[in-house]
Amino acid sequence: MSIYDTLNHEQQTAVFHTEGPVLILAGAGSGKTRVLTHRIAYLIEEKGVNPWNIMAITFTNKAAGEMRERVDKIVGFGSESIWVSTFHSSCVRMLRRFIDRLGYDTNFTIYDTDDQKTLMKDICKRLDIDTKVYKERAILAAISSAKDELISPEEYEINVMSDFSKRKIALAYKEYQKELKKNNALDFDDLIVKTVELFRACPDVLEYFQDRFQYIMVDEYQDTNTAQFKFVSLLADKYRNLCVVGDDDQSIYKFRGANIGNILGFEKVFPDAKVVRLEQNYRSTQNILNAANQVIQNNMERKRKSLWTENAEGEKLHFRQFMNAHEEAEYIVGDISKKVREHDGEYRDFAILYRTNAQSRLFEEKFLMANIPYKLVGGVNFYARKEIKDLLAYLKTVDNARDDLAVRRIINVPKRGIGATTLGRVQDYAAERGMSFYDALREADQIPSLGRAASKVEPFVTFIQTLRSKLEYLSPSELLKDIIENTGYVEELRAEGTEEAEARIENIDELITKVVTYEEENEEPTLSGFLEEVALVADIDSVDGDDNQVLLMTLHSAKGLEFPYVYLAGMEDGIFPSYMTITADDPTEIEEERRLCYVGITRAMKDLTLTCAQQRMIRGETQYNKVSRFIKEIPRDLVELGRNFEEKKLKEIPLPTSYRQMKEAFKQPAFVPKQFEVKKASGLDYGVGDTVKHMKFGVGVVTAITEGGRDYEVTVNFDKAGIKKMFASFAKLKKVQ
DNA sequence: CCATCCACGTTTTTT
DNA sequence: ACGTGGATGG
């Protein structure tokens with residue numbers, strides 16, 4: 001009995017076919033990750049392939065982490081030398097080694113969307129581009145899609161000669177790349193583009209990596225763009241052992257440049273490709289799967305494929321329509337609460353999925369009121385917060401003095417009396433001499449136009465120089481603490497005394513924790529390493545099944561995940577499918593929305609609820625929406641409609657004050673509900689030695705109560721379940737007389 | 001040079 | 001409804 005016996009026939013075919021190009025068309029829930037991990041094991045154990053020669057590429061760090069974990073479990077020896085990583089981090093790793101061949105420094109900085117925007121704004125000003133006519137975002141989007149297609153600024157310029165407004169963009173693109181290089185920075189797209197460029201410019205480097213990665217596997221292949229395709233095909237060109245896994249029905253990133261042609265045309269590029277179809281679904285019930293199949297069938301452009309399952313028929317899908325979005329949210333939150341009370345599942349078994357991030361707000365509000373732990377994925381990125389960006393800018397400045405953006409961000413934070421005028425003069429001086437902004441600052445006393453302002457600059461320069469000299473013997477976390485102390489950043493916030501400032505301090509504490517965690521997890525922690533990790537995290541990466549919380553996220557973020565209970569909220573024409581795609585000329589856009597719907601439905605394992613509202617506030621305006629066309633594509637007999645929603649409102653809750661106030665009141669990390677505070681103030685109604693009752697574990701005796709930061713941690717010796725530690729506010733323990 | 005106020009646009013999705 | 005960023009006045 002080998003580990004491969006547990007695979008079905010098609011899965012085995014995919015695992016055993018190790019040589020040459022392979023295309024695995026894997027439907028939702030068909031066990032593709034299992035196939036990939038088993039394939040890696042098979043390569044090593046049966047084919048004698050050196051783990052060192054294997055590479056697996058995913059899109060998110062979370063997916064990479066999960067695969068790594070599973071590979072570690074299944075491969076006995078040498079699994080740590082397999083490269084399991086995302087496109088972006090693979091490229092960074094390669095570039096850190098060789099990018100000097102392209103005239104960049106190997107300690108380059110990675111710009112996020114915020115940085116890009118700041119830089120573009122600057123460029124527009126310089127090029128005299130009116131940002132009211134050409135918005136930075138639009139220009140950046142154009143540049144990004146050019147990069148996705150590997151179109152250089154020069155090529156772009158030639159292509160758009162005839163179009164006036166595009167000529168402007170071409171100009172901006174050129175300037176933008178020039179600035180990036182000057183700042184020794186790369187944006188997200190550059191990470192891939194520059195790697196391809198490197199491969200093309202330096203055959204020896206390409207061959208080095210080709211020999212290194214003789215077996216390459218790519219997950220979520222339907223979401224690769226042209227640049228990523230080129231990256232992969234160049235790498236695989238020598239040994240041709242390329243195995244790609246994907247599902248064209250789950251291609252949902254066209255807006256980000258994903259080229260569905262990569263998967264649809266794989267057999268054209270590799271005529272000798274072995275094609276394997278995984279069509280047995282192990283995740284969902286018949287009903288859920290049937291609904292998904294029926295919906296996706298309305299798309300014209302797709303590979304033939306139909307999912308089936310041996311699972312039970314299961315419950316029917318539920319559909320509910322409400323008067324407004326409040327009732328919708330209340331119903332869903334109430335339903336989850338009820339199901340958990342009735343032991344149908346734990347909080348972690350539930351997920352609410354929606355089309356736009358803005359829809360999350362109401363759910364948050366209701367979860368806070370109902371005191372249910374939840375986790376919001378997405379929204380405002382932790383690393384996009386002001387205080388975090390400020391401190392990171394300090395670290396970046398120390399790490400790479402050529403990053404003008406970072407230097408300019410912090411030169412007057414905290415206030416050093418250096419204003420726009422001074423900045424402009426330094427900038428001019430730097431531009432004249434072709435030096436970096438920071439280098440110009442270092443010789444501030446030699447800039448005649450500065451006058452007295454030069455004396456204000458000096459302490460800043462000295463400070464940075466001191467930090468840099470400490471770089472050798474201070475760890476990143478010590479450096480960060482040094483910065484916080486010397487700038488008085490936290491002190492200043494503390495002096496403010498507002499709740500908002502408190503929240504910022506908490507965020508800073510969290511940043512420190514993250515640096516320390518980074519140092520613990522890496523053998524050779526470096527400042528550059530930390531900054532790089534920070535630049536490449538996605539929201540979804542922080543989702544951890546260990547926390548018992550309801551998950552809230554967009555449909556896009558949910559790809560690749562599964563939950564016993566799924567709620568698809570906001571099933572309305574105009575929301576989902578979005579207004580943009582309904583009104584678009586291009587009919588394929590609606591197909592992409594439908595694929596998104598397919599992704600949503602197939603996340604559910606046993607229970608799927610679809611909801612919509614008749615009216616909904618959007619940007620302060622009330623909208624009236626029809627039921628989503630996708631709902632109508634689901635056969636009626638698969639759906640249970642339910643009586644009109646009559647359940648009592650979540651009891652005795654004072655009417656919601658404004659959302660802002662709510663947030664203020666509960667401003668802990670989002671998932672820590674209010675009750676902590678309440679409980680602490682009022683104390684517990686049981687103590688050590690008392691007998692208590694728990695919903696799930698039954699009766700037990702309290703052996704200890706410790707005071708945690710925000711809650712009491714109670715240790716109980718249960719008659720049946722043994723000793724458990726739990727937080728008082730979640731455990732809902734009742735004293736038994 | 002800095003703080004405050006108002007107008008505007010933003011939202012479809014993100015590595 | 002909300003936050004950002006520009007304009008304005010101190």
Side-chain angles (χ1 to χ4, degrees), chain A residues 57-64 85-92 110-114 116-118 121 125 131-132 135-138 140-141 144 147-148 186-192 220 223-225 227-228 251-258 353-362 377-381 383-386 412 414-424 452-453 456 500 535-541 553-559 570 574-584 589-590 592-593 595-597 599-600 616-623 658-660 663:
Chain A
I57 308 179
T58 63
F59 270 82
T60 64
N61 296 304
K62 180 178 159 64
S85 61
T86 66
F87 273 103
H88 291 86
S89 35
S90 312
C91 287
V92 171
I110 301 166
Y111 276 4
D112 64 17
T113 21
D114 251 35
Q116 289 179 284
K117 225 171 130 186
T118 316
K121 214 158 138 197
K125 207 182 278 170
T131 52
K132 293 215 171 76
K135 294 191 196 104
E136 303 97 324
R137 285 185 44 142
L140 284 167
S144 174
K147 287 185 178 177
D148 289 344
L186 302 186
D187 66 15
F188 279 129
D189 301 312
D190 277 345
L191 296 178
I192 317 284
E220 306 283 12
D223 288 328
T224 51
N225 62 32
Q228 288 160 337
S251 159
I252 54 174
Y253 282 112
K254 189 166 162 213
F255 72 94
R256 213 173 65 191
L353 311 181
Y354 37 77
R355 181 63 236 271
T356 68
N357 275 311
Q359 286 166 260
S360 66
R361 217 204 65 197
L362 282 175
V377 180
V380 191
N381 193 313
Y383 293 103
R385 292 178 190 158
K386 186 180 169 297
N412 203 28
K415 304 258 180 304
R416 297 188 177 92
I418 303 167
T421 331
T422 309
L423 249 72
R452 280 179 297 124
K456 292 178 178 165
E500 197 191 315
L536 297 177
V537 291
D539 295 319
I540 195 71
D541 296 339
M553 67 184 108
T554 63
L555 286 151
H556 282 88
S557 304
K559 196 182 64 170
I575 302 279
F576 187 36
S578 78
Y579 182 75
M580 299 281 280
T581 56
I582 294 176
T583 52
E589 288 202 20
I590 204 101
E592 173 133 331
E593 294 277 297
R595 290 194 289 271
L596 194 53
C597 182
V599 168
R616 183 184 291 272
M617 280 274 264
I618 291 164
R619 275 174 267 154
E621 263 178 288
T622 307
Q623 255 187 34
S658 85
Y659 173 68
R660 225 199 137 69
K663 274 230 114 152

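In what follows, every heavy atom counts, from backbone to side chain, and hydrogens, waters and symmetry copies are set aside. Every chain is numbered from 1 and lettered A, B, ... according to where its sequence line falls, protein lines coming before strand lines.
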When rounded to whole Å, the CD to C1' distance for the pair Gln116(A) and dT15(B) reads 11 Å
Mind listing the N/O atom pairs, protein and nucleotides 5-12 of chain B, below 3.5 Å?
| residue | atom | partner | partner atom | Å |
| --- | --- | --- | --- | --- |
| dT11(B) | OP2 | Arg137(A) | NH1 | 2.1 |
| dT12(B) | O2 | Arg355(A) | NH1 | 2.9 |
| dT12(B) | O2 | Arg355(A) | NH2 | 2.5 |

Just to verify, what does Tyr579(A) make a ring-ring contact (aromatic ring centres under 6.0 Å, His included) with, not counting sequence neighbours? none
Let's see if you can work this out: which of dG5(C), dT15(B), dC1(B) has an atom nearest to the side-chain heavy atoms of Phe188(A)? dT15(B)
Partners passing ring-ring contact (aromatic ring centres under 6.0 Å, His included) against Phe87(A) (at least two apart in sequence or in another chain): Phe59(A)
Taking only residues two or more places apart in sequence, or in another chain, which ones meet Asp189(A) in a salt bridge (Lys or Arg N to Asp or Glu O under 4.0 Å)? none
Rounded to whole Å, CD1 of Ile575(A) lies from P of dT13(B) at a distance of 11 Å
Assign Lys254(A) to base, sugar-phosphate, or nothing according to its heavy-atom contacts below 4.0 angstrom with the strands shown. nothing
Counting any heavy atom closer than 4.0 Å, what does Phe59(A) reach on the DNA or RNA strands: base, sugar-phosphate only, or nothing? sugar-phosphate
Mind calculating the distance between NZ (Lys456(A)) and C1' (dC1(B)) to the nearest angstrom? 8 Å
Could I get the full list of salt bridge (Lys or Arg N to Asp or Glu O under 4.0 Å) partners for Arg256(A), not counting sequence neighbours? none
Can you list the residues that meet the side chain to side chain contact (heavy atoms under 4.5 Å, CB included) rule with Lys254(A), with sequence neighbours excluded? Asp586(A), Thr588(A), Glu592(A)
In whole Å, I'd like the distance from the CG atom of Asp187(A) to the C1' atom of dT14(B). 14 Å
Separation of dC2(C) C1' from Met617(A) CE (nearest whole Å): 12 Å
With sequence neighbours left out, what residues match Thr356(A) under side chain to side chain contact (heavy atoms under 4.5 Å, CB included)? Ala358(A), Gln359(A)
With the side chain of Thr113(A) defined as its heavy atoms from C-beta on, choose the nearest nucleotide among dA1(C), dT15(B), dT14(B). dT15(B)
For Glu136(A), salt bridge (Lys or Arg N to Asp or Glu O under 4.0 Å) partners two or more places apart: none
When you compare the protein's N or O atoms with those of nucleotides 7-10 of chain C, which come within less than 3.5 Å of each other, and at what distance?
none

